[in-house]
Amino acid sequence: MAEPQSNAALPAYPLPERHSPPAPPALPPDAPRAGVLHVRHRHTERYTVVGNHLAQHPRLSATAIGIGVHIQSLPDGASVTIKALALRFPEGEVTIGRALRELEAAGYLVRRQVPLGGGRIATRTFFLDHPGWG
């Protein structure tokens with residue numbers, strides 16, 4: 001039997017170890033008869049508040065919502081170019097570009113060209129966590 005390859009390529013971002021799923025919690029007596037049941041945890045560090053207007057947007061694709069939530073979680077100054085996001089996610093540049101254009105059309109993402117001097121320009125990207133209120 002051949003040895004497993006030790007030099008196999010690793011993913012760009014390490015995947016979490018796989019564990020057995022926890023046993024489901026006891027069903028509360030007042031639980032709805034169907035649908036999802038949320039098991040809540042109060043986060044006290046490393047979390048982002050996301051408005052339902054983004055998380056449940058009726059016209060944005062799942063990719064656009066996910067990219068929007070990711071961008072909202074990043075600190076100011078983080079790169080959100082198509083190439084940078086394509087390095088982070090398995091979706092390709094075409095899909096990510098489409099998602100960014102969806103976010104732009106919905107008012108979450110604003111791109112502005114600003115002069116740098118000497119005839120050079122740069123594109124600055126703004127993410128509004130609540131469009132219309134920025």
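If you're wondering where the values come from, they're calculated on a predicted model, not measured in any experiment.
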* Taking only residues two or more places apart in sequence or in another chain, which ones pass ring-ring contact (aromatic ring centres under 6.0 Å, His included) with His38? ->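 His38 satisfies ring-ring contact (aromatic ring centres under 6.0 Å, His included) with no residue once adjacent residues are dropped.
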Do [X] and [Y] have side chains that approach each other closer than 4.5 Å (heavy atoms only, starting at C-beta)?
X	Y	answer
Val114	Ile121	no
Ile65	Leu103	no
Leu85	Leu100	yes
Leu74	Phe127	no

Distance check, rounded to the nearest 0.5 Å: [X] atom [atom1] versus [Y] atom [atom2]?
X	Y	atom1	atom2	result
Ile67	Arg88	CD1	CZ	9.0 Å
Leu54	Leu128	CG	CG	11.5 Å
Ile71	Asp129	CD1	CG	12.5 Å
Arg101	Ile82	CZ	CD1	6.5 Å

* **Atom of Leu116, atom of Ala122 and distance for their closest heavy-atom approach** =>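 Taking Leu116 first and Ala122 second, the nearest heavy atoms are CD1-CB, 3.7 Å.
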* Asked: How far apart are the closest heavy atoms of Thr81 and Ala84, and which atoms are they?
  -> OG1-N, 3.0 Å
* In the hydrophobic clustering (ILVMFWY, side-chain contacts below 4.5 Å, transitive), which residues join Leu27, or is it alone? -> Leu37
* To do: Enumerate the residue pairs fulfilling side-chain hydrogen bond (donor to acceptor under 3.5 Å, both in side chains) with a member in residues 112-127, sequence neighbours excluded, ordered by first and then second residue.
  => none
* Residue pairs, two or more places apart or on separate chains, that pass side-chain hydrogen bond (donor to acceptor under 3.5 Å, both in side chains) and touch residues 47-67 -> His53-Tyr108, Ser61-Glu102
* To do: Please name all residues satisfying side chain to side chain donor-acceptor pair (under 3.5 Å) with Gln72, sequence neighbours left out, ordered by chain then number.
  =>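 Checked Gln72 against side chain to side chain donor-acceptor pair (under 3.5 Å); zero matches.
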* To do: Could you list the residues that satisfy side chain to side chain donor-acceptor pair (under 3.5 Å) with Arg111, not counting sequence neighbours?
  => Glu104
* **Over 12 foreign heavy atoms within 6.0 Å of CG, Asp76** => no
